[in-house]
Amino acid sequence: MRVPEVDLYTAINSLLDQIPEGRVSTPYHLASSLGDSDAAPSISRIMRNELRKNRHKIVENLVPETKIFRDFSSDMPLKRLAELQLSMSKRVIQEDDFKELNRFAGVDAAYRGYEVYAVCVIMERSFKILEKASTVSTVHFPYISGYFMFREAPSIERTSKLVSEFDLLFVNGHGIAHPRCCGLATCVGLELDIPTIGIARRRLVSSNGEKHYDCKSLLRDGASACTELRTDSRSPLYVSVGHRISLETSVKIVNEMMLKGNLPEPLRSAHIDARREMKKIR
DNA sequence: GCGACAG
DNA sequence: ATCTTGTCGC
């Protein structure tokens with residue numbers, strides 16, 4: 001079961017096209033019709049910043065109920081994708097599952113409009129960079145909290161396949177510290193069948209997994225979904241299991257790979273390079 | 001009044 | 001994430 005490359009921009013636009021002249025709808029009704037009312041805040045932002053052309057069809061404030069169009073015909077893509085995340089989460093391996101840990105990789109993406117520049121870097125534990133690869137592609141999925149993997153996984157995976165074999169991949173995004181226990185790092189780990197560690201600057205769910213409303217069974221008794229890591233007095237980093245590694249080992253490795261800044265070196269390197277690639281091509 | 005959301 | 005120079009501060 002591979003993760004589909006969904007064109008959600010087209011899905012949203014086809015909903016907007018269904019709104020008759022003189023009628024309006026709301027981010028909440030759009031999100032519900034896409035299959036997840038929790039996505040309403042994201043839909044609101046997307047209408048404001050990305051799909052401005054149809055912005056007049058959407059109102060934030062309450063209007064007379066009869067004005068609001070809600071009879072959308074939709075195949076509920078977000079509902080389908082959320083179910084996919086749930087089923088994927090059941091395949092996560094939260095134990096160390098690797099032979100050796102010599103070659104670390106980090107992958108990150110930078111955006112300019114709908115163009116995404118991704119870079120994957122391989123380095124030794126000594127921080128010596130061995131290899132790099134980059135790609136440029138087009139995104140068809142907006143950023144929606146909880147569905148980030150459907151925006152970024154395609155380019156991340158494509159780029160990570162261009163470099164030689166490595167033992168572990170650092171990913172910029174949560175692993176199982178996700179509402180459905182399937183963040184970007186977990187998705188990439190499962191799809192490429194490699195050990196991955198999820199790194200994020202903000203938490204998506206409470207550390208004890210309280211908000212893992214759909215997948216509590218993945219967290220044994222009092223275990224945490226992620227560990228808050230503080231290097232010096234910098235802003236914290238949230239580390240979670242992506243795939244084929246334990247949280248304990250993940251934290252140990254992340255600490256070991258901290259060099260400068262507040263990201264483990266493979267990620268920091270990939271982040272800088274992705275940004276540089278993005279700036280360069282213009 | 002509560003909650004506020006990875007990149 | 002991105003729009004954005006130099007600059008104030010931990």
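Across dT2(C), dC5(B), dG7(B), the shortest atom-to-atom separation from the side chain of Arg151(A) is found for dG7(B). Here the nucleotide nearest the side chain of Met278(A), chosen from dG7(B), dA6(B), dT2(C), is dT2(C).
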Seminar exercise, completed: Pairs under 3.5 Å (Watson-Crick or G-U), crossing ones as [ ], inter-strand ones as |: DNA chain B comes out as .......
For this session: Kindly express the pairing pattern of DNA chain C in dot-bracket notation, using | wherever a base pairs with another strand and counting only Watson-Crick or G-U pairs under 3.5 Å.
Result: ..........
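Among residues at least two apart or in separate chains, there is no salt bridge (charged side-chain N to carboxylate O under 4.0 Å, His left out) pair with a member in residues 135-155 of chain A.
Alongside Val136(A), the hydrophobic cluster contains Tyr117(A), Met278(A), Ile281(A) (criterion: ILVMFWY side chains under 4.5 Å).
Leu51(A) places a side-chain heavy atom less than 4.5 Å from the side chain of Tyr9(A).
Ala110(A) comes within 4.0 angstrom of sugar-phosphate atoms only, judged by non-hydrogen atoms across all strands, and of no base. Within the nucleic acid shown, Tyr114(A) has no heavy atom closer than 4.0 Å to any nucleic acid atom. Within the 4.0 angstrom heavy-atom criterion, no nucleotide atom of any strand lies near Gly198(A).
Atom CZ of Arg45(A) and atom C1' of dC3(C) are 14 Å apart (whole Å). When the P atom of dA1(C) is taken as reference, atom OH of Tyr111(A) falls 10 Å away, rounded to whole Å. Here dC5(B) presents its C1' atom at 16 Å from CG of Leu184(A), a figure rounded to the nearest Å. Taking atom NE2 of residue His178(A) and atom C1' of nucleotide dA6(B), one finds them 8 Å apart after rounding to whole Å. Between the CZ atom of Phe170(A) and the C1' atom of dA6(B) there is a distance of 18 Å, rounded to whole Å. What separates CD1 of Ile156(A) from P of dA1(C) is a distance of 13 Å, to the nearest Å. Rounding to whole angstrom units, CG of residue Asp108(A) and C1' of dT2(C) are separated by 13 Å. Tyr117(A) places its OH atom 11 Å from the P atom of dT2(C), with the value rounded to the nearest Å.
The side-chain ring of Tyr238(A) is not stacked on the base of dA6(B), judged by centre separation under 5.5 angstrom and plane angle under 30 degrees.
Glu5(A) has a carboxylate O that lies under 4.0 Å from a charged side-chain N of Arg158(A), or vice versa, which qualifies the two as a salt bridge. The pair Arg244(A)-Asp193(A) meets the salt-bridge criterion, since a charged nitrogen lies less than 4.0 angstrom from a carboxylate oxygen. For Glu83(A) and Lys79(A), the salt-bridge test passes: some basic side-chain N is under 4.0 Å from an acidic carboxylate O. Residues Arg103(A) and Glu165(A) are not paired through a salt bridge, judged by the lack of any N-O separation under 4.0 Å between the basic side chain and the carboxylate.
Both cation-pi conditions hold for Arg180(A) and Tyr147(A): the charged atom is under 6.0 angstrom from the six-membered ring centre and inside a 45 degree cone around its axis.
Residues passing the side chain to side chain donor-acceptor pair (under 3.5 Å) test with Asn102(A), sequence neighbours excluded: Glu100(A).
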Close N or O pairs between protein and nucleotides 5-7 of chain C (under 3.5 Å):
none

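Listed pair Tyr143(A) / dA6(B) meets the phosphate criterion, a side-chain N or O lying under 4.0 Å from OP1 or OP2.
Taking the six-membered ring wherever Trp is involved, the centroid distance between the rings of Phe148(A) and Tyr143(A) falls below 6.0 Å.
In terms of heavy-atom proximity, Asn262(A) sits nearest to Arg201(A) at ND2-NH2, 2.6 Å.
Aromatic ring orientation, His174(A) versus Tyr238(A): tilted (interplanar angle from 30° to 60°).
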